[in-house]
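Note that these values count all heavy atoms, side chains included, but never hydrogens, waters or copies made by symmetry. From a predicted model like this one, the values you see are computed outputs, not experimental measurements. Quick note: residue numbers are just sequence positions, from 1.
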Amino acid sequence: MEAKFAHIILFFLLAFSFETLMARKESDGPEVIKLLKEFESASWCKGKQFWPELIGVPAQYAKGIIEKENPSIANIPILLNGSPVTKDFRCDRVRLFVNILGDVVQIPRVT
């Protein structure tokens, strides 16, 4: 009888702590989303930061447009779409992802 009572108490303690952890996890969501939006909107990089109008244009032409519109961009590598890249962020780099024909297939942005 005592063992069953102990199991019931343990069950309620675990259930209560699980509910608390879940509630805490759900409440962290909006704060994390807010932080990500603040990070994305932070403008410590100068000039234009993305070029959606360049999708479908030849890479060399897109590279010229980016250099013209944001002179602080010093590094514009042209990569085949799906190539592995590092996740570091630099204000002076825009990666151009192209298909096998050399046309831009992803929105170029400061990365």
Side-chain angles (χ1 to χ4, degrees):
M1 179 77 169
E2 291 177 23
K4 287 184 180 182
F5 183 70
H7 286 170
I8 292 172
I9 297 292
L10 181 61
F11 172 79
F12 282 115
L13 288 174
L14 288 173
F16 178 74
S17 63
F18 181 76
E19 183 178 336
T20 304
L21 290 173
M22 292 301 292
R24 209 176 284 149
K25 189 69 171 172
E26 289 173 4
S27 69
D28 290 346
E31 294 171 4
V32 171
I33 291 170
K34 182 179 175 186
L35 180 62
L36 289 174
K37 286 182 180 178
E38 288 175 6
F39 176 76
E40 289 174 355
S41 66
S43 58
W44 56 79
C45 297
K46 295 179 180 156
K48 190 171 180 179
Q49 296 185 18
F50 60 95
W51 293 262
E53 68 275 10
L54 296 180
I55 291 197
V57 302
Q60 291 300 325
Y61 179 73
K63 187 174 181 177
I65 296 291
I66 292 169
E67 289 170 341
K68 179 181 171 188
E69 292 185 357
N70 190 345
S72 66
I73 303 294
N75 185 8
I76 307 176
I78 299 172
L79 305 165
L80 190 60
N81 192 30
S83 297
V85 294
T86 60
K87 292 289 184 181
D88 62 322
F89 182 85
R90 294 177 34 192
C91 287
D92 67 338
R93 177 180 61 207
V94 174
R95 293 183 177 121
L96 290 176
F97 291 96
V98 300
N99 59 16
I100 59 172
L101 301 175
D103 297 330
V104 177
V105 293
Q106 290 185 20
I107 296 175
R109 63 182 69 235
V110 173
T111 56

Original post:
Do any pairs count as a disulfide (SG to SG under 2.5 Å) and have a residue in residues 49-78, sequence neighbours left out, and if so which ones?
Top reply: none
**OP:** Please name all residues satisfying side chain to side chain donor-acceptor pair (under 3.5 Å) with Arg109, sequence neighbours left out, ordered by chain then number.
**Re:** none
Pair up each side-chain donor or acceptor in residues 93-104 with any protein partner under 3.5 Å, not counting sequence neighbours, and list the distances.
unit_1, atom_1, unit_2, atom_2, d
Arg93, NE, Thr111, O, 2.7
Arg93, NH2, Asp88, O, 2.7
Arg93, NH2, Asp88, OD1, 3.2
Arg93, NH2, Thr111, O, 2.6
Arg95, NH1, Thr86, O, 3.3
Arg95, NH2, Thr86, O, 3.3
Arg95, NH2, Thr86, OG1, 3.1
Asn99, OD1, Leu101, N, 3.0
Asn99, OD1, Gly102, N, 3.1
Asn99, OD1, Asp103, N, 3.0

Using a 3.5 Å cut-off and no angle test, enumerate the donor-acceptor pairs between side-chain atoms of residues 59-66 and protein atoms at least two apart in sequence or in another chain.
none

**OP:** To the nearest 0.5 angstrom, please state how far the NZ atom of Lys46 sits from the CG atom of Asp92.
**Re:** 12.5 Å
**OP:** Establish whether Leu79 and Phe89 are linked, either directly or via other cluster members, by ILVMFWY side-chain heavy-atom contacts under 4.5 Å.
**Re:** no
Subject >> Listed partners of Pro52 passing side-chain contact (heavy atoms from CB on, under 4.5 Å), at least two apart >> reply: Phe50, Ile107
Subject >> Pairs touching residues 64-107 that satisfy disulfide (SG to SG under 2.5 Å), sequence neighbours left out >> reply: Cys45-Cys91
Original post:
What pairs of residues pass the disulfide (SG to SG under 2.5 Å) test when at least one of them lies in residues 57-86, not counting sequence neighbours?
Top reply: none
Original post:
Can you name the residues that form a salt bridge (charged side-chain N to carboxylate O under 4.0 Å, His left out) with Glu69, not counting sequence neighbours?
Top reply: Lys48
